[in-house]
Asks: 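Dumping the structure here so I can ask a few things about it.
Letters A, B, ... mirror the listed sequences (proteins, then strands); counts begin at 1.
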2 protein chains.
Amino acid sequence: MRRTKEDAAKTREEVLAAAAEVFFENGVSGSSLDKIARRAGVTRGAIYWHFKDKAEVLTALHSEIRLPQEELVDHALEHGHDDPLSLIEQASIEVVHILANDEQQQRIFAIMILGCEFTEDPSETAQRIITANAEMYEKLQKLIDMADRQGNLAPGWTVDTAARAFQCCMNGLFAEWLRSGKSFPVIDVGERLVRSVIGSIRRKAA
Amino acid sequence: MRRTKEDAAKTREEVLAAAAEVFFENGVSGSSLDKIARRAGVTRGAIYWHFKDKAEVLTALHSEIRLPQEELVDHALEHGHDDPLSLIEQASIEVVHILANDEQQQRIFAIMILGCEFTEDPSETAQRIITANAEMYEKLQKLIDMADRQGNLAPGWTVDTAARAFQCCMNGLFAEWLRSGKSFPVIDVGERLVRSVIGSIRRKAA
DNA sequence: ATACAAACATACATGAATGATTGTAAATAT
DNA sequence: ATATTTACAATCATTCATGTATGTTTGTAT
């Protein structure tokens, strides 16, 4: 009962979708490959065909998140922008809106932030997550550096401090929202939070 | 080789200390009771004598964190305070300083925030963490409510939105710091962040 | 002095998850 | 038309952690 290439690609997607659900429900280490297979309507054999092990399923899931605003930010980094802080503000608010409406991305985000166990000697999977976070931070830092060179950074702030503070807020926002079972309006809180922090970072007009 | 009561209490503490280390290094579900026992210099028998199972070790660890400023906040809640927002600001900055210098509490915090797997149908352990977080939120909310009734809440903010925003920032700060391997100065970032958000929440003097 | 219980260590039984191997039917290349 | 992969399913051996049960030694009460 061999399937055509499209069929195979389909089962691969179904496995990933099932993995997202099961990981989300039981945590990564609480999810056996058998559970995922059953949810996907296949056997473990199928999973082992498409992926090396559970870690590879996780990284495959992770590589599925590609927020559209990343291109926006990349473009600004390449071509420059006359108001980088406003760009950060707008892009971040956009991300909040997107995440608030995309259940699949919420699940993946929850798995990454809350469901992946911390290790001091990180597994390659955990390492990838840390790396992705670091890349995000670098972009943030470069944009704020642009703002600084344009004289728009408020006194007292350094580029690094500002970038870290903003990153903490955003990750904290999503983590708390997902951890609490979406018990508060992310969009409201997120918009106010973003504007507050950006407002503090931005040098006030004299 | 029965020990005296003091000896027994000592091994209990040693088991907890070892558990904090092992959990921190390998994650909760990646830590077998045997590993913890070896680290503590005992056998699993000793652990099973003092605790029912791994979950009970975790909750025992969790109950070890009692930040001193909780009493400060409780006192303010009971007796009122003429400037609750300043109280939040000071207490939070104090917490940052304490956490920055207490490795044991850092480990426990890391385990709770990063190392405890998320479950939609939460285990009792996870539930305790969520509950503790909710209690913290309630106190925050009551303090901000006090500020609101004193006319000190900036327009645009609601009590809930402000409390959530602040909570997200603080948890995000610690989570990012620990996840990143303490790669940035928490105290600097934390102080600026706290002052920024509280500054945004507080109504400006006319 | 003796009986009992506390504080463990040791040994064992169980189950769950993994990874590897093998089987196999259909798709595709030749 | 045949050979060869592909895309899985099914089975198996092994590991590993857990929980329990039992053994052993020593404090402690009487």
Side-chain angles (χ1 to χ4, degrees), chain A residues 1-19 21-61 111 115-117 119 121 123-126, chain B residues 1-19 21-61 111 115-117 119 121 123-126:
Chain A
M1 48 178 75
R2 184 192 168 192
R3 315 293 161 74
T4 152
K5 294 210 173 191
E6 301 89 52
D7 283 340
K10 191 185 164 196
T11 65
R12 196 193 121 102
E13 286 309 308
E14 284 172 352
V15 167
L16 283 179
E21 292 181 22
V22 177
F23 282 159
F24 181 70
E25 290 168 14
N26 309 320
V28 174
S29 66
S31 305
S32 70
L33 291 182
D34 187 61
K35 264 191 185 179
I36 297 174
R38 279 165 195 265
R39 179 75 62 102
V42 295
T43 66
R44 274 170 47 243
I47 298 184
Y48 275 104
W49 173 255
H50 287 284
F51 310 95
K52 188 190 157 216
D53 52 14
K54 194 158 78 174
E56 213 178 89
V57 177
L58 232 190
T59 67
L61 263 187
I111 294 162
C116 193
E117 294 226 320
T119 49
D121 176 47
S123 72
E124 295 187 21
T125 316
Chain B
M1 47 178 78
R2 181 190 171 191
R3 315 292 163 75
T4 148
K5 295 209 171 189
E6 301 89 53
D7 284 339
K10 190 184 163 195
T11 64
R12 196 193 121 101
E13 285 310 307
E14 284 171 352
V15 166
L16 283 179
E21 291 180 25
V22 177
F23 281 159
F24 181 71
E25 291 168 14
N26 309 322
V28 174
S29 65
S31 307
S32 70
L33 291 182
D34 187 61
K35 266 191 185 179
I36 296 174
R38 280 165 195 265
R39 179 75 62 102
V42 294
T43 65
R44 275 170 48 244
I47 298 184
Y48 275 104
W49 173 256
H50 287 284
F51 309 95
K52 188 190 156 216
D53 53 13
K54 195 159 77 174
E56 213 178 89
V57 176
L58 231 190
T59 68
L61 263 186
I111 294 163
C116 194
E117 294 228 320
T119 48
D121 177 45
S123 72
E124 295 188 20
T125 316

Asks: In chain order, what residues pass the salt bridge (Lys or Arg N to Asp or Glu O under 4.0 Å) check against Arg12(B), with sequence neighbours excluded?
Replies: none
Asks: Roughly, in whole Å, what's the span from NZ in Lys54(A) to C1' in dA16(C)?
Replies: 12 Å
Asks: Treating Lys54(B) as the side-chain partner and Ser31(B) as the backbone partner, does any N or O pair qualify as donor plus acceptor under 3.5 Å?
Replies: yes
Asks: Rounding to a whole Å, what distance do you find between Leu33(A):CG and dT18(C):P?
Replies: 4 Å
Asks: Under a 3.5 Å distance rule, please check whether Lys35(A) uses its side chain to pair with a backbone N or O of Asn26(A) as donor and acceptor.
Replies: no
Asks: Roughly, in whole Å, what's the span from CZ in Arg12(A) to C1' in dA7(D)?
Replies: 14 Å
Asks: List the steps and the verdict of side-chain contact (heavy atoms from CB on, under 4.5 Å) for Ile36(B) and Phe23(B).
Replies: CA-CA 8 Å; Ile36(B) 296 174; Phe23(B) 281 159; 3.8 Å; yes
Asks: Using only side-chain N and O atoms of Thr11(B), determine if any of them is under 4.0 Å from OP1 or OP2 of dC8(C).
Replies: yes
Asks: Rounded off to whole Å, could you give me the CG-to-P distance for the Asp34(B) and dT10(C) pair?
Replies: 12 Å
Asks: Residues of residues 37-52 of chain B with any non-hydrogen atom less than 4.0 angstrom from an atom of DNA chain C: list those, numerically ordered, please.
Replies: Val42(B), Thr43(B), Gly45(B), Ala46(B), Trp49(B), His50(B)
Asks: With pairs defined as Watson-Crick or G-U wobble and both distances under 3.5 angstrom, please note down DNA chain D as a dot-bracket string, | for pairing with another strand.
Replies: ||||||||||||||||||||||||||||||
Asks: Could you state the CD-P distance from Glu56(A) to dG19(C), rounded to the nearest angstrom?
Replies: 11 Å
Asks: Flag the pair Trp49(B) / Val15(B) as yes when at least one side-chain heavy-atom distance between them is below 4.5 Å, and no otherwise.
Replies: no
Asks: For Ser29(B), give me all partners under side-chain hydrogen bond (donor to acceptor under 3.5 Å, both in side chains), at least two apart in sequence or on another chain.
Replies: Ser29(A), Glu117(A)
Asks: With sequence neighbours left out, what residues match Arg44(B) under salt bridge (Lys or Arg N to Asp or Glu O under 4.0 Å)?
Replies: none
Asks: Who are the salt bridge (Lys or Arg N to Asp or Glu O under 4.0 Å) partners of Asp34(A), not counting sequence neighbours?
Replies: Arg38(A)
Asks: Rounded to whole angstrom units, what separation is found between the CG atom of Leu58(B) and the P atom of dT18(D)?
Replies: 12 Å
Asks: Would you kindly give the NZ-to-P distance between Lys10(B) and dC8(C), to the nearest whole Å?
Replies: 11 Å
Asks: Which nucleotide sits closest to the side chain of Ser32(B): dG19(D), dA17(C), dT18(D)?
Replies: dT18(D)
Asks: Does Asp7(A) reach the main-chain N or O of Lys10(A) with its side chain, forming a donor-acceptor pair under 3.5 Å?
Replies: no
